[in-house]
Each structure stands twice: as structure tokens, then as C-alpha cells.
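As C-alpha cells, the structure follows; a few thoughts come after it.
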2 protein chains.
Amino acid sequence: MRIAELGRRSGVPVPTIKYYLREGLLPAGELTSPNQARYTEDHLRRLRLVRAMVELGGLSIAAVRDVLGALDDPEKSLHKAMGTISAAMAPPDLDASDEAAREVARAFVERQGWTPRPDSYAFKALVAVLTTARDVGHERFTGVLDAYARACVPLAEADLDYALGADSEDEALENVVVGTVLGDAAMAAIRAIARRETSERRKDTGSPPNPEPDC
Amino acid sequence: MRIAELGRRSGVPVPTIKYYLREGLLPAGELTSPNQARYTEDHLRRLRLVRAMVELGGLSIAAVRDVLGALDDPEKSLHKAMGTISAAMAPPDLDASDEAAREVARAFVERQGWTPRPDSYAFKALVAVLTTARDVGHERFTGVLDAYARACVPLAEADLDYALGADSEDEALENVVVGTVLGDAAMAAIRAIARRETSERRKDTGSPPNPEPDC
């Protein structure tokens, strides 16, 4: 297909597609004349994936390039892809240097029986959250995290079932990326809906949604 | 305290504090001379909250202003604050207009026994996720969402317990904001750690982490 059709079918404006081509996020099309190229269904699929990462995941162009590199890596693996996508989704200037917060994070993962690498982005992201919690005077928030961890185990199983329910390794890796990007966005939305419903229900059963100053 | 001390104690550079003051994210200090002002512990607390929203939550200045408005609203309520923070955390250009995706979202919330307002940001964010899932050829991803919903119920209980475990209504509202901003960041980090651990465990017990092309 021509670039105009690629734009129409993906919903991505043609100048944006040209930008992605220049930035190497999309492989060049097959030249059919000196200034015209033909694109395939593979281009469309890749373009949609880039769009999901940029629009829903809020990833920078550099971060998208890293993730696509992991997908195209000849020595790719599910594990490597998970690490790359975690790194790409993490805020760019994570501060995980606080020793006290690292200690709280270490104790937390140990309680779950987990052994993440201390230099992995996911662990560093957790340390950054704990550092901020303390800095904003909400150290008590760390007490909620064990409930989060319990909820995350069945989620991880569901995510992995999704990733592995693929017909090929390429597809499994794409599933990891999609599952993480869409999954984080979906979780935020569903958490917000569930919180509101739970608050409504507590109100209906008489538990005050707004505590009195003395309770 | 002087602005320099406010900067030192919050870790926010003084020019950034001045920018927040100009943008109205931080109330003016008490003038002690024509060009010197004094700041209080309340300023420090508010500044740290702004920093958490900007740095960890990735909120725009306009979104932070909306959330602070909800905290300072004389007719504030926990419910209103939840709606405002959901709106502020949602991507700015949510496309929730797709009728087929809205229908999938409606069926999903109905299955959970939930009744969110269709014009709430959380519901619209869910529709946007479902729209993207279909656009990128991952319609099957919607099948994972029931597992997400089941995980979100205990999370919502934990979040509300955190919000309501406050000494005052002001504090409860701040807990909602902190719980959402830190909570979404913490969930993303913990999910990534749990996914990796689960993948390791499956590998150890013989389930292949990378499926063969023919399975």
C-alpha cells in the first residue's frame, strides 16, 4: 500500500509516519519509483504498535526505539524483552539512590519471596516510589504495598498466559509489549473505577466516605 | 523559612519553586520585606505533593492545578477528588468515541456489577485502552481484563483504607491523591517484578518461557 493508505488504516497522520521512518521506528518501504514506496501489513502492524507505545504508554521516541530493538534482536528472549519494556516505561530520571528506601524495598520483595536484580528498572522504580512516599510525608503508604503484591501474583499469571498464548516467539514478544503498555493503562482505569464503586458501596452501607476530623 | 531553605528541604530547585509560585501551584509566602517572603511547613508539604504529581505521576502543570483545586475546594468530597485525580492522571487526548469499544467496556463493567458514569474519565480511559487494543490487532487482550478486575477489588479496599485512615478530611483527600499517584507508579513496578518472578518460576518448573513457533 502507499503511505496515504498506511496513514488512513492506522489513523496516524502521514507527516508523523514520515517522522517515524526518519527516526528508524518503522523500516523503509520498498521503493517502487525514486520517490514512492510501498508498505506492507507488517508496516501497519509495527506502526500501530509504535502508536500504542507513544499514545497510551507515553513512551519517548528513544524508549520506543529501545523496545523495538528488543523485538528485532536476533538473540531476543521473553526475559530480555520484559526488562527492556520495564526500563522504557519507567520515568526517565528515576532516583533510586536513597539507601533507606532501598532497604524498605529489599525487605518488601523478601517478604514476597521475590529476588529481583537490584539494578533492574522495576526494582529501581519501586525504590523511587518509596523515596517519594517518604519525601511527601506518606511513609505509611508503604504499608499498602503488601496488598498490591498479593494482587500482582494472579495478574502476572494472566499477563504471562496472554504472552505465551501466541503462535510464534515474535508474537509472544509483541504480546509482552502490548500487555505491559495496555496493561498499565487498563489497570489505572480499572483501579479508578473499582475505587469509586467500593467507595459508593461503603457509603451505602453506612461507613462514612469522609471521615470526621476526630475519627 | 526562606525560599532557599524550602528548596533545600524539598529537593526542588529554587527557580522551579518560583515557577510553581507564578503558576499558582503554591500559595505566596508571607512578605517580610518588599522582596523577601517567609514560607511555612504547609508550603513544604504542598510543594512535595506537587513534586510527586509532576515527577512520579507525570502530570502537566494544568492537571496539577486541577487536583490542587479539588483539594482546596470548599465543597470538596472524597468522591469529587477521586474523579478529579482520575481525570488528571488520564492521557490528555483520550479517544473514547468508538462505539464498539464502548460496548465492550459496558459489558465488562456490567460483568463486575459496577456502574461507572459513562462520561467519567476512568470509564473513558478504559474505552481508549480497548480501542487501542483492537487497533493494534490485540483484541484478545480484553480477555485479560476480568482477571484485572478481580485483582482491583482488594486493591480498592486497601486504597480506601489508606485514604480513610486519616486524622482529617484534608488529610483524607491528600491520601487519595498520593495513593493514586504513588499507587499507579507502585503497581507498575510491582507488576513488572511479579511478572519476572512468575516467568522465572515457570521456567524452573519446566514450562517454556519462550513458546516454540509450532505450539
Side-chain angles (χ1 to χ4, degrees), chain A residues 45 48-49 52 56 58 77-79 82 86 89 109 114 116 122-123 125-126 129 132-133 135-138 141 144-145 147-149 151-160 162 164 166 168-169 172 178 182 184-199 209-211 213, chain B residues 45 48-49 52 56 58 77-79 82 86 89 109 114 116 122-123 125-126 129 132-133 135-138 141 144-145 147-149 151-160 162 164 166 168-169 172 178 182 184-199 209-211 213:
Chain A
R45 188 179 183 100
R48 285 173 166 163
L49 190 62
L56 261 189
S77 79
L78 209 58
H79 258 75
M82 281 184 194
S86 298
M89 300 278 294
V109 295
W114 294 343
F123 185 78
L126 179 62
V129 170
T132 306
D135 286 353
V136 299
H138 282 258
F141 178 73
V144 181
L145 298 189
Y148 281 30
C152 281
V153 174
L155 281 177
E157 298 282 356
D159 283 335
L160 275 174
Y162 182 69
L164 300 179
S168 69
E169 192 183 348
V178 168
L182 293 184
D184 280 357
M187 267 307 286
I190 297 174
R191 275 185 71 206
I193 298 173
R195 200 153 41 210
R196 179 96 189 210
E197 295 288 330
T198 306
S199 166
N210 295 322
Chain B
R45 188 178 183 102
R48 285 173 166 163
L49 191 62
L56 261 190
S77 80
L78 208 57
H79 257 75
M82 279 184 196
S86 297
M89 299 279 295
V109 295
W114 294 344
F123 185 79
L126 179 62
V129 170
T132 306
D135 285 353
V136 299
H138 282 258
F141 178 73
V144 180
L145 298 188
Y148 281 31
C152 281
V153 173
L155 282 178
E157 298 282 356
D159 283 335
L160 276 174
Y162 183 69
L164 300 178
S168 68
E169 190 181 350
V178 168
L182 292 185
D184 281 358
M187 267 307 286
I190 297 173
R191 274 185 73 207
I193 298 174
R195 199 155 40 210
R196 180 96 190 209
E197 295 288 329
T198 306
S199 166
N210 296 324

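Naming: A, B, ... by sequence-line order, numbering from 1 per chain.
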* Would you mind checking which part of R45(B) comes under 4.5 Å of any heavy atom in chain A, side chain (CB onward), backbone (N, CA, C, O), both or neither? => side chain
* Structure fact -> All heavy atoms of L182(A) vs all of F141(B), minimum pair found to be CB-CE2, 3.6 Å
* Heavy-atom proximity to chain B below 4.5 Å, by part of P154(A) -> neither
* Just do the side chain to side chain contact (heavy atoms under 4.5 Å, CB included) check on H138(B) and Y162(A) with the steps written out, would you? => CA-CA 10 Å; H138(B) 282 258; Y162(A) 182 69; 2.7 Å; yes
* Any V136(B) side-chain heavy atom under 4.5 Å of L49(A) side chain -> no
* Distance (rounded to the nearest 0.5 Å) between W114(B) CH2 and I190(A) CD1 -> 6.5 Å
* Kindly give the heavy-atom pair with the smallest separation between S199(A) and L160(B), and that separation in Å. => N-CD1, 3.4 Å
* Which heavy atom of L155(B) sits nearest a heavy atom of A147(A), and at what distance? -> CD2-O, 4.2 Å
* Structure fact -> Max heavy-atom pairs within cutoff under 4.5 Å with chain B, candidates L126(A), V144(A), D159(A), T132(A), goes to D159(A)
* Asked: Taking all atoms of both residues into account, what is the closest heavy-atom pair of A122(A) and A189(B), and its distance?
  -> O-CB, 3.6 Å
* Who among A149(B), A194(B), A188(B), A133(B) has the most heavy-atom pairs with chain A under 4.5 Å? -> A194(B)
* Would you mind telling me which of A52(A), A185(A), G137(A), A186(A) has the largest number of heavy-atom pairs within less than 4.5 Å of chain B? => A186(A)
* Where does M187(B) contact chain A at under 4.5 Å (heavy atoms): side chain, backbone, both or neither? -> both
* To do: Could you tell me whether the side chain of E197(A) reaches within less than 4.5 Å of the side chain of V109(B), counting heavy atoms only?
  => no
